[in-house]
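See below for the structure under consideration.
Naming convention: chains lettered A, B, ... in sequence-line order (proteins, then strands); numbering from 1 in each chain. Computation of the quantities below employed the complete heavy-atom set of this structure, encompassing side-chain atoms and omitting hydrogens, waters and symmetry-equivalent molecules.
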Amino acid sequence: MQIKYIRGWAMSLAAGAALLGLAAAAQAQEFPAKPVKFVVWTAPGGSIDVLSRLIAEKLSQRWKQPVVVENKPGASGILASEYVARAPADGLTLLVTINTTHINNPVLQSKLSYDPVKDFEPVSQLAIGSVTLIAPANHPANNVAEFVALAKKKGGGVNYGSWGVGSSAHLFGELLRQKTGLDLNHIAYKGEMPAITDMLGGRLDVTFAGGGTTRAQLAGGKIKVLGITGPRRISALPNVATFAEQGFPGFELAGWVAVYAPAKTSKGIVRKISADLAEVVHSQDVQSRMVENGFEPVGGTPEQFATLYRDEFPKWAELIKASGAKVE
Amino acid sequence: MVLADSLALGLAAAATPINLVYCLTGALLGTLIGVLPGIGPVATIAMLLPVTFKLEPLSALIMLSGIYYGAQYGGSTTAILMKLPGEASSVVTALDGYEMARRGRAGPALAVAALGSFFAGCVATLLIAVFAVPLGDLALRFGPAEYFSLMALGLVAAVVLARGSVLKALAMVVLGLLLGLVGTDVNTGFVRYTFGIAELSDGIGFVVVAMGMFGIAEILLNLEQRQIREQATATVGRLWPTRGDLRAAWKPTLRGTLLGSVLGILPGGGAILASFAAYTLEKRLAKDPGRFGKGAIEGVAAPESANNAGAQTSFIPLLTLGIPSNPVMALMVGAMTIHGIAPGPQVMTEQPTLFWGLIASMWLGNLMLVVLNLPLVGVWVKLLSVPYRLLYPAILLFCCVGVYSLNYNAVDVVLTAVFGLFGVVLIKLGCEPAPLVLAFVLGPMMEENLRRAMTLSRGDATVFLTSPISAGLLVATALMLLLIVAPQFRRMRRDAFAE
Amino acid sequence: MTRRQDVAAGAIFVAFGIAALGVGWNYPTGSATRMGPGYFPMLLAAVLIGFGIAVALAGLRNRAIPFERMALRPAAAIMGAALAFSVLLPLAGLVPASAAVVAIGSLGYRESRPVEVLLSALLLSAFNAALFVWGLGLTINLFW
């Protein structure tokens with residue numbers, strides 16, 4: 001009797017759970033029932049913005065629902081992150097972002113209006129993007145080691161450009177300064193292009209640039225690449241050796257592009273979005289366009305991304321601390 | 001002869017029926033978003049980027065650039081009719097263009113703006129075709145020191161924008177500079193004057209300030225006047241410019257085109273200065289500068305041709321160096337890389353059809369725009385005969401949506417209204433907002449470049465004088481300041497003697 | 001003392017200068033060679049105060065030009081319309097927010113006619129929806 005009773009309960013519980021599971025699956029199946037919004041915090045036309053639009057276009061074909069990109073620029077992505085953190089957890093509002101909002105901001109800023117972990121559900125890491133160190137085509141050095149040796153021999157300072165205080169370009173520049181003891185003078189710009197312009201005009205010795213920009217500028221023949229940061233070489237620039245290969249360890253971190261949903265979004269929906277994103281990212285034309293823009297396509301599961309985030313966070317924090325970069 | 005062949009190649013590529021359709025679509029869409037306050041070519045091109053993935057690269061670029069210069073034509077329309085400059089480049093057009101409209105000369109103002117833009121577009125396109133490569137090098141010669149000196153010249157020119165007291169104009173310039181500092185400092189990442197409002201951390205938007213101090217302030221002033229006496233909406237008057245108008249406008253158009261073409265090449269904000277510089281030049285050259293700000297046709301012709309010329313030549317750094325000179329050009333880079341084209345000098349040699357096709361399409365697009373815009377003049381002018389009580393809520397609504405659409409940010413809408421009220425207060429106190437608005441645009445760039453130049457030179461201030469370009473610009477700045485201040489001093493001394 | 005235009009203008013400039021000085025007092029100024037984020041603001045604030053005083057003094061010396069008072073009704077209506085828009089848009093969507101702007105904005109003009117206002121509020125909010133959301137593809141909710 002007793003046992004039967006319990007078993008009855010257990011069975012109905014199981015049935016209920018199965019039903020719930022079915023419902024969740026169904027919900028995920030028909031997701032999205034309404035238009036989906038990609039919130040991007042770079043200005044229209046930035047490489048992340050263009051990438052988001054490319055992926056949004058492919059997703060809307062799959063989902064038969066419009067996927068629109070909404071630019072919410074400002075405050076290093078704080079506005080956009082906060083906006084998505086507070087959005088309904090229905091998977092219809094997603095944040096497309098880079099490591100800045102979920103690693104750099106929490107490390108650099110004492111109070112943040114969102115919690116990078118508690119307020120979000122990681123969905124997918126779309127791609128990683130490495131940063132290159134470039135010099136004018138007529139620069140005597142051909143790699144990082146030669147550059148460092150030349151600069152030491154020449155004496156005096158070396159001016160390098162980055163796209164902002166606390167940007168990964170700035171972090172790597174400061175790290176290089178500390179590792180080599182060179183007198184590196186940091187000059188911040190509003191983007192990589194103004195810095196490249198000043199380098200081509202002879203006012204900067206070297207500057208950092210994203211992989212896609214470097215590839216495009218290489219085609220123009222006005223620059224040369226000294227080295228690339230990140231764990232390994234990238235498909236866009238297969239001949240460029242990493243800092244580590246050249247005997248400069250510590251530059252292995254690579255920035256990433258990822259998608260987040262608001263916390264408490266149902267697992268089924270997160271899994272569905274993540275799977276569809278992975279398929280889009282691995283489709284032939286998206287992949288080739290990503291590579292041309294300097295990205296290495298990833299497109300993994302939510303769990304893989306969460307694990308990577310946990311692994312990388314302390315390393316980035318260490319890099320940021322080591323660089324001495326501060327945001328007041 | 002090589003040039004003629006190249007142009008023929010380009011024309012053949014651009015004049016295919018399908019590309020003509022894309023050119024027209026771009027130009028039309030550009031005109032529409034130019035007319036609407038707030039929403040600009042950057043947002044529109046970004047939204048259309050995915051559509052262009054499926055197009056041929058040349059068609060895509062033709063349509064996107066059509067949006068860009070179409071917006072330059074459209075932008076002058078609301079500046080003239082409603083004193084609503086949607087872009088930095090049409091702020092100056094609003095000064096005399098709107099005054100012309102109030103005096104029943106909206107038609108001639110619009111027509112001269114369209115014709116001037118067309119002429120400037122043709123000349124600038126030819127410049128790109130012939131001198132793109134040598135002109136591209138000019139972009140590289142401008143570093144932080146040169147930009148600082150250029151901005152300094154621009155600020156002194158800002159004083160000339162206003163009528164009346166030089167002292168007040170100077171104070172407005174400084175106030176504009178201060179307002180421009182709100183937000184994150186590029187050189188250090190330090191956040192200034194945001195009062196903890198995250199929405200302000202990237203600074204106050206230009207459209208917010210310009211739309212508030214010009215458009216909204218004008219609505220407020222009009223409403224006040226109408227409380228006292230009901231007056232008809234601006235008389236419509238004749239549609240077309242008289243022979244006298246054209247005679248007065250052709251030289252300013254020519255000078256504006258030249259200035260705009262040169263300044264448009266500079267990636268660090270030269271294009272913003274183009275229309276201001278052209279206006280200032282005309283006011284300085286005029287026999288009776290007093291007419292400026294009261295509906296002088298030169299004050300429309302010069303800045304309009306300058307901004308369109310600048311819009312065209314801003315393609316030069318992109319095409320010859322792969323350097324985008326403004327956000328729109330950055331989007332063009334995005335469109336090119338999506339199609340697997342690396343922008344830069346190699347495009348001309350490796351993809352001549354694309355390069356010359358784009359250039360030819362600019363000329364075709366300008367032709368379409370002038371053909372389109374001249375008949376529209378009549379339609380726009382009709383708009384002014386709508387009773388003001390119905391017209392102004394509509395303008396207000398378009399401003400609200402336009403400002404909101406910039407960053408999807410409601411704070412901006414309220415801020416625009418605040419600047420509107422502030423603008424009215426200043427106008428009532430005899431302080432014209434134009435110098436403030438220009439200083440607001442130039443200020444952050446000026447500080448950024450000053451500090452960058454000092455960091456680059458490691459604290460050696462002589463960089464501003466050792467660079468010939470910078471030194472030349474600073475001498476011009478000093479001379480101009482002297483020209484403005486000297487008459488004031490003379491007057492003060494005369495007053496002192498009289499007492 | 002009558003309402004002198006220049007004295008009031010000068011006072012506004014001085015007030016802005018003092019406010020800028022006060023708020024930015026703790027910003028690091030650095031040195032002339034390596035300027036901090038506070039260098040430029042402090043310099044500008046000081047110059048603005050100087051200009052403000054000069055404008056006011058000139059106003060006291062010259063013939064007094066009185067200034068008009070600001071009419072409250074239009075100012076309140078425009079401000080109200082902007083506030084209503086920014087509050088209603090996220091809560092209620094574009095169509096109600098647009099209608100509110102037209103309705104509240106129209107209050108700024110004494111001779112607005114209620115029927116006309118109602119009609120134009122309806123027409124304009126529909127037109128706005130069509131133009132911005134369907135035509136230009138902005139991502140704004142039409143209704144809540």
_Please classify the contact between B:Ile219 and chain C as side chain, backbone, both or neither, with a heavy-atom cut-off of under 4.5 Å._
side chain

*So do the side chains of B:Val174 and C:Phe51 get within less than 4.5 Å of each other, counting heavy atoms only?*
yes

*Options B:Cys431, B:Gly420, B:Ala171, B:Ala410, ranked by heavy-atom pairs under 4.5 Å with chain C, top entry*: B:Ala171

*Taking all atoms of both residues into account, what is the closest heavy-atom pair of B:Leu421 and C:Ala75, and its distance?*
CD2-CB, 3.7 Å

*Who are the side chain to side chain donor-acceptor pair (under 3.5 Å) partners of B:Arg452, not counting sequence neighbours?*
B:Glu448

*Over all atoms of both residues, closest heavy-atom pair of C:Gly105 and B:Tyr392*: O-OH, 2.6 Å

_Student check: side-chain heavy atoms of C:Pro37 and B:Arg451 closer than 4.5 Å_ = yes

_Residue B:Leu48 versus chain C: region with a heavy atom under 4.5 Å_ = neither

*Taking all heavy atoms of C:Gln5 and all of B:Lys428, pick out the closest pair and write down the distance.*
NE2-O, 3.1 Å

*To the nearest 0.5 Å, how far apart are CZ in B:Phe398 and CZ in C:Phe127?*
5.0 Å

_My understanding is that only one of B:Asp185, B:Leu450, B:Leu178 makes a side chain to side chain contact (heavy atoms under 4.5 Å, CB included) with C:Phe40; could you say which?_
B:Leu450

*May I ask you to test the B:Leu223-C:Arg73 pair for a side-chain heavy-atom distance under 4.5 Å?*
no

*Rounded to the nearest 0.5 Å, what separation is found between the CG atom of C:Leu48 and the CG atom of B:Leu177?*
9.5 Å

*Parallel, tilted or perpendicular for B:Phe422 and C:Phe16, by the 30°/60° rule?*
tilted

*Heavy-atom pair of closest approach, residues B:Lys168 and C:Phe13*: O-CZ, 4.3 Å

*At a heavy-atom separation under 4.5 Å, does B:Leu175 approach chain C through its side chain, its backbone, both, or neither?*
both

*Top residue by heavy-atom pair count (under 4.5 Å) with chain B, among C:Ala20, C:Gly50, C:Gly10?*
C:Ala20

_Region of C:Leu131 that comes under 4.5 Å of a non-hydrogen atom in chain B_ = side chain

*Hey, could you give me the CG/OG distance between B:Leu390 and C:Ser120, rounded to the nearest 0.5 Å?*
6.0 Å

*Is it the backbone or the side chain of C:Tyr39 that comes under 4.5 Å from a heavy atom of chain B, or both, or neither?*
neither

Under 3.5 Å, sequence neighbours excluded: what are the donor-acceptor pairs made by side chains of residues 78-96 of chain C?
residue, atom, partner, partner atom, Å
C:Ser86, OG, C:Ala82, O, 3.3
C:Ser86, OG, C:Leu83, O, 3.0

*Using a 4.5 Å cut-off on heavy atoms from C-beta on, say whether the side chain of B:Arg389 contacts that of C:Arg113.*
yes

*Under a 4.5 Å heavy-atom cutoff, which of B:Cys399, B:Gly402, B:Ala417 has the most pairs with chain C?*
B:Ala417

*Between B:Leu397, B:Val413, B:Asp412, which shows the greatest number of heavy-atom pairs under 4.5 Å with chain C?*
B:Leu397

*Minimal non-hydrogen separation, C:Val101 against B:Cys400, with atom names*: CG2-SG, 4.1 Å

*Can you tell which part of C:Ile104 gets under 4.5 Å to a heavy atom of chain B, answering side chain, backbone, both or neither?*
neither

*Is a donor on one side and an acceptor on the other found under 3.5 Å between the side chain of C:Tyr109 and the backbone of B:Pro393?*
no

*Proximal component of B:Val418, with respect to chain C [non-hydrogen, under 4.5 Å]*: both

